[in-house]
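All remarks here apply to the structure that follows.
Below, all heavy atoms of this structure are taken into account, side chains as well, without hydrogens, waters or symmetry copies. Here is how names work: the chains are called A, B, and so on, in the same order as the sequence lines, proteins then strands, and each is numbered from 1.
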2 protein chains.
Amino acid sequence: MARAQAREQARYEHTCMIRGDGGRTVRAVLDRICDKWTMLIVATLDQGRMRFTELQRHIPGISQRMLTLTLRNLERDGLVSRTAYAEVPPRVEYELSPLGKSLIPPALALAGWAIEHNAEILASRAAYGAKESPDKEQSDKERPAVEQPAEESAQQP
Amino acid sequence: MARAQAREQARYEHTCMIRGDGGRTVRAVLDRICDKWTMLIVATLDQGRMRFTELQRHIPGISQRMLTLTLRNLERDGLVSRTAYAEVPPRVEYELSPLGKSLIPPALALAGWAIEHNAEILASRAAYGAKESPDKEQSDKERPAVEQPAEESAQQP
DNA sequence: CAGGATCCCTTAGGATACTG
DNA sequence: CAGTATCCTAAGGGATCCTG
């Protein structure tokens, strides 16, 4: 399995990323930022410091395992700071560090792009699905993608 | 396994992303953009139209399977356009669509952030590793992360 | 409450071989 | 050359149970 290692190396070594630096930096950051939850947590914490359970409630789909894990990584990278109060019912609060906050603007840039071009993407996918497989119209379930779930009623059960 | 579905739904439904829209759009885009190769391909194609093999050479670690797959997704989402020439040795060229190009600036924003704050992150991780587990100093291999592989000699074999 | 420890399953993605 | 088809592994991540 040294092969895999080599590949990873190559990915880092090579200079084919958003030009600006070699690209490894960017690659690394993306790897870090792009797991299922990091961005969500950062975005949520951007609304203010919060404690564990609170976070969990603000981020619907997350499991406490993943919350813990991701928070740990963020803490370790210096994006969020963790403060534990030595109280009887334990209380721990998380908060975006300045570094963490600095991630928000670029993130917003991406968000902006997403919002702005969402429709085009949807259209493109529709077109693509239509022309490529007109018969096998099970083109749904292919990928949840960007389609709004038709906000039935935003009320929770 | 309807549970998993429910979770996914929740993730999309909920309004806790980079505020601006509900967040589902962003969530979706991130999901789409953040796999291992999408950004790399987009960045590479930003340097000009390219054919399959060329791309493969420009993106070291990628397998042709992943190249194909990711390209297909990008094409389908309208980020890249594919042109096949009916020639004897088949030739296919890929190129960023306007939509695809529009992704570059926000991507650069993120890249900029990465480059700018790389050092801080590294420092934080070093500090974290040092204080949390001073004995088990196998803190390497934890994550390749952002550390430059000490560009031994950028010459390929 | 805030998490650590386990178990387990799904999936991204690499390796390899085959075709038009 | 530009893929498609298979097979298979590592790992991301969910569910659960347990504790200070």
Side-chain angles (χ1 to χ4, degrees), chain A residues 1-11 30-41 49-76 80 82-94 132-133 141-144, chain B residues 1-11 31-41 49-75 80 82-94 132-133 141-144:
Chain A
M1 157 127 319
R3 300 285 278 291
Q5 288 290 335
R7 287 203 155 227
E8 276 306 296
Q9 259 310 79
R11 233 175 39 121
L30 283 182
D31 280 353
R32 171 155 316 286
I33 252 72
C34 287
D35 52 73
K36 216 173 175 182
W37 303 109
T38 302
M39 283 297 256
L40 271 309
I41 294 185
R49 68 169 16 205
M50 242 172 257
R51 36 197 305 190
F52 195 87
T53 327
E54 225 174 331
L55 264 169
Q56 198 165 359
R57 270 202 314 274
H58 274 75
I59 308 177
I62 203 170
S63 65
Q64 114 284 46
R65 177 184 136 84
M66 274 306 108
L67 182 51
T68 305
L69 238 107
T70 312
L71 278 173
R72 271 213 156 4
N73 282 332
L74 286 171
E75 185 194 354
R76 161 182 163 125
V80 320
R82 193 191 104 121
T83 346
Y85 299 88
E87 298 177 3
V88 176
R91 178 163 58 106
V92 180
E93 292 192 340
Y94 293 90
E132 215 54 60
S133 54
K141 76 165 292 191
E142 296 227 338
R143 270 226 202 182
Chain B
M1 157 131 312
R3 300 284 278 291
Q5 287 291 334
R7 287 202 156 228
E8 275 307 296
Q9 257 310 79
R11 231 175 40 122
D31 279 353
R32 172 154 316 285
I33 252 72
C34 287
D35 51 71
K36 215 173 177 183
W37 303 109
T38 302
M39 283 298 256
L40 270 310
I41 294 185
R49 67 168 16 204
M50 241 172 256
R51 37 197 305 189
F52 195 87
T53 326
E54 226 174 330
L55 264 169
Q56 198 166 359
R57 270 202 314 274
H58 274 74
I59 308 177
I62 203 171
S63 64
Q64 110 284 46
R65 176 184 137 85
M66 276 305 111
L67 182 50
T68 305
L69 236 107
T70 313
L71 278 173
R72 269 212 158 3
N73 283 331
L74 286 171
E75 185 193 354
V80 321
R82 193 191 106 120
T83 345
Y85 299 86
E87 297 177 2
V88 176
R91 179 162 59 107
V92 179
E93 293 194 340
Y94 294 90
E132 214 55 60
S133 54
K141 76 164 291 194
E142 295 228 341
R143 271 228 201 180

Tell me whether the OP1 or OP2 atom of [N] has a side-chain N or O from [X] closer than 4.0 Å.
| X | N | value |
| --- | --- | --- |
| B/Tyr94 | D/dG3 | yes |
| A/Arg72 | C/dG4 | yes |
| A/Arg51 | C/dG3 | no |

| query | Taking side chain as C-beta onward, heavy atoms only, is A/Thr70 less than 4.5 Å from A/Leu40? | reply | no
| query | Would you call B/Trp37 and B/Leu69 a side-chain contact if the rule is heavy atoms closer than 4.5 Å? | reply | no
Just the rounded figure in Å: distance from [atom2] of [N] to [atom1] of [X].
| X | N | atom1 | atom2 | value |
| --- | --- | --- | --- | --- |
| B/Phe52 | C/dG20 | CZ | P | 18 Å |
| B/Gln56 | D/dG3 | CD | P | 11 Å |
| B/Leu69 | D/dT4 | CG | P | 9 Å |
| B/Met66 | C/dG13 | CE | P | 6 Å |
| B/Ile59 | D/dA2 | CD1 | P | 14 Å |
| B/Arg65 | D/dG3 | CZ | C1' | 13 Å |
| A/Leu67 | D/dG12 | CG | C1' | 16 Å |
| B/Arg82 | D/dT4 | CZ | C1' | 12 Å |

| Sequence-distant partners of B/Arg51, side chain to side chain contact (heavy atoms under 4.5 Å, CB included), two or more places apart | B/Glu54, B/Arg91, B/Glu93
| request: Applying side chain to side chain contact (heavy atoms under 4.5 Å, CB included), name anything that partners B/Ala86, two or more places apart in sequence or on another chain. | output: none
Among [options], the one nearest [X] by side-chain distance:
| X | options | result |
| --- | --- | --- |
| A/Ser63 | D/dG3, D/dG14, C/dG13 | D/dG14 |
| B/Arg91 | D/dG13, D/dA2, C/dG14 | D/dA2 |
| A/Thr68 | C/dG4, C/dG14, D/dG13 | C/dG4 |

| note | Taken in chain and number order and not counting sequence neighbours, the residues that satisfy side chain to side chain donor-acceptor pair (under 3.5 Å) with B/Thr38 are B/Asp35
| From A/Gln56 atom CD to A/Thr68 atom OG1, the distance as rounded to the nearest 0.5 Å | 8.0 Å
| request: Check A/Thr83 against A/Arg49 and note the closest heavy-atom contact, atom names and distance. | output: OG1-NH2, 3.6 Å
Dump the pairs, protein N or O against N or O of nucleotides 18-20 of chain D, anything under 3.5 Å, distances to one decimal.
none

